[in-house]
S.K.: 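What follows is a single structure, and I will ask about it in a moment.
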2 protein chains.
Amino acid sequence: MLSFAEENYLKTIYHLSEEIDGAVSTNAIAESLNTKAASVTDMIKKLSNKGILSYQKYRGVHVSESGKKAALQVIRKHRLWETFLVDKLKFNWDEVHEVAEQLEHINSALLIKRLDEFLAYPKFDPHGDPIPDENGEYKSKPQVALNHVKADTIGIIVSVKDTSNAFLKYLDKIGIYLGAKVKILEKVEFDGSLEIQIDSKKTVFISKEVSENIWISE
Amino acid sequence: MLSFAEENYLKTIYHLSEEIDGAVSTNAIAESLNTKAASVTDMIKKLSNKGILSYQKYRGVHVSESGKKAALQVIRKHRLWETFLVDKLKFNWDEVHEVAEQLEHINSALLIKRLDEFLAYPKFDPHGDPIPDENGEYKSKPQVALNHVKADTIGIIVSVKDTSNAFLKYLDKIGIYLGAKVKILEKVEFDGSLEIQIDSKKTVFISKEVSENIWISE
DNA sequence: TATGATTTTTAGATATATCTAAAAATATTT
DNA sequence: AAATATTTTTAGATATATCTAAAAATCATA
């Protein structure tokens, strides 16, 4: 049984480990969780004593097999709750994150089983991310970031990597949403900014930073 | 902002204060929460410093006006979640309590507003207890315990006071559920036990202890 | 009403999760 | 490779929520 805090560390470390190949560093974890490196070291020791992480002093951590399983269950809960909030309670996608961060720690196998059933076994959450099943299995949509595709590419927005409120509000404002059809009209070479067309209608300019966070399926 | 532990103490103390007229004693709280008197004293001090309780050493506590308001909001959340679990997720009424104990501490005004809306503004939870509104207002069904009515009385079961799993399972087993129609067939004077008929069909015997926990609306 | 029983509080510990400041190890640069 | 910079860990504090054991206050009753 993991505590609230342990689950949060595990989930964050798991996400970080997906993004890089080697070990996850203490500082990266601290930054992700808005905490201090010393606190991270303490928690890392705890989780590695529980067999959730493998850890070598000064060398960062890897998530163990049992850790991955546990992390995927927390992610499963998070994404099922986000789906519930958007599909059933009519939340906007920029309103779900904080609430799901709390709900993901509710401990009841029956609750999650019934919630999954109630939602008709969704495979992707409102941000387009896959929902792992009870065994931690999931399939991803093949995705690519907007900054990695060339002009004239057409695709559907399937995922948004930055889920901060500020970013999601910005996307709402310029008319970008999950499932929208986008076409790259022009790619400005020197700064990587893009002119894109949404749903064959509206045309907007986005910076390279923004384009890195919008992923499409071609 | 109250912590998880503070909310649990407040809710318990509020419920105890409803049952008696005077101050709520340290020991009663400790027993209710399965904790020690020393721990209760510590928490009582904290809550009275926050203006949630009024407290005189060795004299027990009273819940302040702001405490009542806060307690009713926790109770509102608990009962809305129980309603959700039974109505939407098909939980049995003996399965909801532990999960609702966790869910009641989720902090999001929007979530509760939308959940209330989603459930079509229920006025009573699956155990027949009233659900306070955003202002803490509620109306009770006029209720009486089965041991206080005389033979031949007919009523609808509106509330069950003991919500332990063991008790609810027992009720399920003998065919008693919320909303069932009951008729008192016979009242045994010397031990207070009852013979009752459920839904004009099944006849069962219940002890006085059990009858004290089953409340009907005539 | 005094004395013993019970309840409540205090004092001091423990466990979790955090922090700051200093020390140790590793990485980078000249 | 030595000096410097950065990262990570350790040592020691703090805050919350709990506990046990002993002291203090209140209650019950002979």
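Quick note on labels: first sequence line is chain A, next is B, and so on, each numbered from 1. Remember, predicted model here, so these are calculated numbers, not experimental data.
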S.K.: Looking at residues at least two apart in the chain, or sitting in another chain, which of them share a ring-ring contact (aromatic ring centres under 6.0 Å, His included) with B:Tyr170?
M.R.: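 B:Tyr170 satisfies ring-ring contact (aromatic ring centres under 6.0 Å, His included) with no residue once adjacent residues are dropped.
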S.K.: Any idea which heavy atoms bring A:Ser108 and B:Val99 closest together, and the distance?
M.R.: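 What the structure gives for the nearest pair is OG-CG2, 3.6 Å.
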S.K.: Which nucleotide wins on minimum distance to the side chain of B:Ala38, given the candidates D:dT18, C:dT10, D:dT10?
M.R.: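 Closest of the options to the side chain of B:Ala38: C:dT10.
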S.K.: Filter on ring-ring contact (aromatic ring centres under 6.0 Å, His included), then keep only pairs touching residues 4-57 of chain B, sequence neighbours left out; what's left?
M.R.: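 Counting only pairs at least two positions apart or across chains, the ring-ring contact (aromatic ring centres under 6.0 Å, His included) contacts touching residues 4-57 of chain B are B:Phe4-B:His105.
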S.K.: Which is more 5' along DNA chain C, the nucleotide nearest B:Ala37 or the one nearest A:Asp42? Just name the residue.
M.R.: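 Between the two, 5'-proximity favours B:Ala37.
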S.K.: Within the structure, does a side-chain N or O atom of A:Lys36 lie under 4.0 Å from either OP1 or OP2 of D:dT8?
M.R.: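 So the side-chain polar atoms of A:Lys36 never come under 4.0 Å of the phosphate oxygens OP1 or OP2 of D:dT8.
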S.K.: Give, ordered by number, those residues of residues 19-33 of chain A having at least one heavy-atom distance below 4.0 Å to an atom of DNA chain D; if nothing qualifies, reply none.
M.R.: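 Only A:Ser25, A:Thr26, A:Asn27 qualify.
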S.K.: Identify each atom pair where a protein N or O and an N or O of nucleotides 25-27 of chain D are less than 3.5 Å apart, giving names and distance.
M.R.:
from, atom 1, to, atom 2, distance (Å)
D:dA25, O4', B:Tyr58, OH, 3.4
D:dT26, O3', B:Arg59, NH2, 3.3
D:dC27, OP2, B:Arg59, NH2, 3.4

S.K.: Can you pull out every side chain to side chain donor-acceptor pair (under 3.5 Å) where at least one residue sits in residues 119-136 of chain B? Sequence neighbours excluded, please.
M.R.: B:Glu82-B:His127, B:Asp129-B:Ser159
S.K.: Report the distance from atom CD1 of A:Ile44 to atom P of C:dT18, rounded to the nearest whole Å.
M.R.: 13 Å
S.K.: What I want to find out is whether B:Glu117 reaches A:Lys90 closely enough, with some N-O distance under 4.0 Å, to be called a salt bridge.
M.R.: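 Salt bridge between B:Glu117 and A:Lys90, a charged N being under 4.0 Å from a carboxylate O: no.
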S.K.: Would you tell me if any nitrogen or oxygen in the side chain of B:Tyr9 comes within less than 4.0 Å of OP1 or OP2 on D:dT18?
M.R.: yes
S.K.: Phosphate oxygens OP1/OP2 of C:dT18: is one of them under 4.0 Å from a side-chain N or O of A:Ser39?
M.R.: no
S.K.: Please identify each residue that fulfils ring-ring contact (aromatic ring centres under 6.0 Å, His included) with A:Trp81, with sequence neighbours left out.
M.R.: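 A:Phe84.
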S.K.: Can you name the side-chain contact (heavy atoms from CB on, under 4.5 Å) partners of A:Asp162, sequence neighbours left out?
M.R.: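 Result, side-chain contact (heavy atoms from CB on, under 4.5 Å) vs A:Asp162: A:Ser164, A:Phe167, A:Asn213.
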S.K.: Going by the rule side-chain contact (heavy atoms from CB on, under 4.5 Å), which residues pair with A:Ser211 if we only count those two or more places apart in sequence or in a different chain?
M.R.: A:Leu146, A:Asn147, A:Leu194, A:Ile206, A:Lys208
S.K.: Consider the side chain of A:Met43, meaning its heavy atoms from C-beta on, and name the nucleotide among D:dC19, D:dT18, C:dT18 that approaches it most closely.
M.R.: C:dT18
S.K.: Given atom CD of A:Glu7 and atom P of C:dT16, what is their separation to the nearest angstrom?
M.R.: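 Roughly 16 Å, once rounded to whole Å.
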S.K.: So, does B:Thr35 get its side chain near the phosphate of D:dC19, meaning an N or O under 4.0 Å from OP1 or OP2?
M.R.: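 Checking B:Thr35 against D:dC19: at least one side-chain N or O falls below 4.0 Å of OP1 or OP2.
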S.K.: Return the value, rounded to whole Å, for the distance between atom CD of A:Gln56 and atom C1' of C:dA25.
M.R.: 14 Å
S.K.: Give the rounded distance in Å between these two atoms: CZ of B:Phe4 and P of D:dT18.
M.R.: 10 Å
S.K.: Among residues at least two apart in sequence or on other chains, which ones pass side chain to side chain donor-acceptor pair (under 3.5 Å) with A:Asp191?
M.R.: A:Ser193
